[in-house]
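The figures here come from the full heavy-atom set of this structure, side chains too, leaving out hydrogens, waters and symmetry mates. Note that the coordinates shown come from a computational prediction; the quantities given were computed from them, not determined experimentally. Each residue takes its place number in the sequence, starting with 1. We count ligands from 1, going down the list as the structure has it; atoms in each ligand are counted the same way.
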Amino acid sequence: MAPGTSGDLTGHASVLTATGVRRQFGASTVLAGVRLNIAPGEVVALLGGSGSGKSTLLRVLAGLDQEATGQIVLRGTTAVVFQEHRLLPWKRVADNVALGLSGPDVTDRVARALAEVGLAERHRAWPAELSGGQAQRVAVARALIREPDLLLLDEPFGALDALTRLRMQGLLRRLRAEHGFAALLVTHDVDEALLLADRLLVLEHGVIAEELAVPLGPTRTPDDPAFGALRRRLLDRLGVPT
Ligand SMILES: Nc1ncnc2c1ncn2[C@@H]1O[C@H](COP(=O)(O)OP(=O)(O)OP(=O)(O)O)[C@@H](O)[C@H]1O
C-alpha cells in the first residue's frame, strides 16, 4: 500500500492519520486494524513486546511495505531513520547526506545538516571511518536535510552504547526543539520513550492497546518523581516487574 498525500500542512491537521492498517504474513496477522494520529510537532513513542509488529507498522507508514491494507494519509514530508545507519559505503559522508537531492544549494545544505549533528569536519570521511554513533548522526543529518514534517524512527539508537545513546537522545531533543518536526519513535527503552515523547502508544495483538499522555515538560529528567511514576506504570503495563 502506498501512503496517500492530501492537502498542505495547515493549522492543526494531523501530519499522519492511519486507520484500519492490516498486515498479514501468511496465516499470521501482525497488524489487525491499527489506528493512529500524529499532530504536527508531536513526538509519539511506539512500544510493545518483541515481535508485536512495531517495525512492520513503521515500514507500512513509511510506504516501504506494499502488501498492507488500510488508509494512511501523510501531510508534508517524511523521512526515516533505521537502527542501522544504512549509509552507502562507497560514498563519502557528504554524498550520503546529499543522496537524491539536486540544486545549486545542496553543498550548503549538506554542510548545515552536518553541522547540526556536530559532524561538519567529517564531510569527506567514508562511512567505514566513522564510529557507530557518528554514522547514526550522519543518518539523522540525511533525514534532517529533507526538512521533514514527520520523522519515522525505528530504534534509531538501539545499536549504540549507553553513553552514545544518551547523547543521541539529547541531540534529538535539541533538533526537535529547533525544527519542530513530529516523530514516531519505535523503541524498547521505556526511559527513552518517556524522555522524548509527548504520547506513548503500546502495540499489542496487532492493535494500539494503550495510549498514555506524557505530561512532563521539555526539561524533564529521569529523576523527576512524575517521570518515575510514569515509568512504573508503563513497565507494569508491559508486564515487566518493577
Ligand atoms: N517479511 C516478513 N515475513 C514474515 N514474517 C515477518 C516479516 N516481517 C516481520 N514478520 C513477522 O511479523 C512479526 C512482527 O515483526 P516486527 O519486526 O514488526 O516486530 P517488532 O515489534 O518490531 O519486534 P522487535 O521489537 O523484536 O524488533 C514477527 O512475528 C515477525 O516474525
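- For His188, every heavy-atom contact with ligand 1 shorter than 4.0 Å involves the side chain, none the backbone.
- The number of heavy-atom neighbours closer than 6.0 Å to CD of Gln24, taken from other residues, nucleotides and ligands shown, is above 12.
- In this structure, the protein non-hydrogen atom closest to atom 28 (C) of ligand 1 is Gly51 O, 4.0 Å.
- Asn37 places no side-chain N or O within donor-acceptor distance of the main-chain N or O of Thr17, the cut-off being under 3.5 Å.
- When only interatomic distances are considered, the shortest N/O to N/O separation between Gly48 and ligand 1 does not fall below 3.5 Å.
- Ligand-side atoms of ligand 1 in range of Thr56: 9 (C), 14 (C), 15 (O), 16 (P), 18 (O), range being under 4.0 angstrom from any heavy atom.
- Residue contacts with ligand 1: Arg59 is excluded, as none of its non-hydrogen atoms falls under 4.0 Å.
- Set against the non-hydrogen atoms of Gly53, the atoms of ligand 1 under 4.0 Å away are 14 (C), 16 (P), 18 (O), 19 (O), 20 (P), 21 (O).
- Residues Val97 and Leu151 share a hydrophobic cluster, clusters being chains of Ile/Leu/Val/Met/Phe/Trp/Tyr side chains in contact below 4.5 Å.
- The number of heavy-atom neighbours closer than 6.0 Å to CZ of Arg233, taken from other residues, nucleotides and ligands shown, is 12 or below.
- Remark: atom 24 (P) of ligand 1 lies closer than 4.0 Å to at least one protein heavy atom.
- Under 4.0 Å from ligand 1, the heavy atoms of Val30 that appear belong solely to its side chain.
- Counting non-hydrogen atoms of other residues, nucleotides and ligands closer than 6.0 Å to CD of Glu121 gives a total of 12 or fewer.
- For ligand 1 and Lys54, the ligand atoms under 4.0 Å from any heavy atom of the residue are 18 (O), 19 (O), 20 (P), 21 (O), 22 (O), 23 (O), 24 (P), 25 (O).
- Within 4.0 Å of atom 30 (C) of ligand 1, not a single protein heavy atom is present.
- There is no path of hydrophobic side-chain contacts, each under 4.5 Å, that joins Leu172 to Val80.
- The protein atom (non-hydrogen) at minimum distance from atom 26 (O) of ligand 1 is Ser50 OG, 2.6 Å.
- The protein atom (non-hydrogen) at minimum distance from atom 17 (O) of ligand 1 is Ser55 CB, 3.8 Å.
- The Gly49 neighbourhood of ligand 1 comprises atoms 21 (O), with distances under 4.0 Å to a heavy atom of that residue.
- At least one donor-acceptor pair under 3.5 Å links the side chain of Gln136 to the backbone N or O of Pro156.
- The shortest distance between side-chain heavy atoms of Thr187 and Phe157 does not fall below 4.5 Å.
- Formation of a donor-acceptor pair under 3.5 Å by the Asp161 side chain with backbone atoms of Thr164 is found in this model.
- For Gly26, the heavy-atom gap to ligand 1 stays at 4.0 angstrom or more.
- Scanning all protein heavy atoms for the shortest distance to atom 1 (N) of ligand 1 gives Phe25 CE2, 3.7 Å.
- Side-chain N or O atoms of Glu155 include one that pairs as donor or acceptor with a backbone N or O of His188 at under 3.5 Å.
- The closest approach between Ser52 and ligand 1 falls below 4.0 Å for a heavy atom of the residue.
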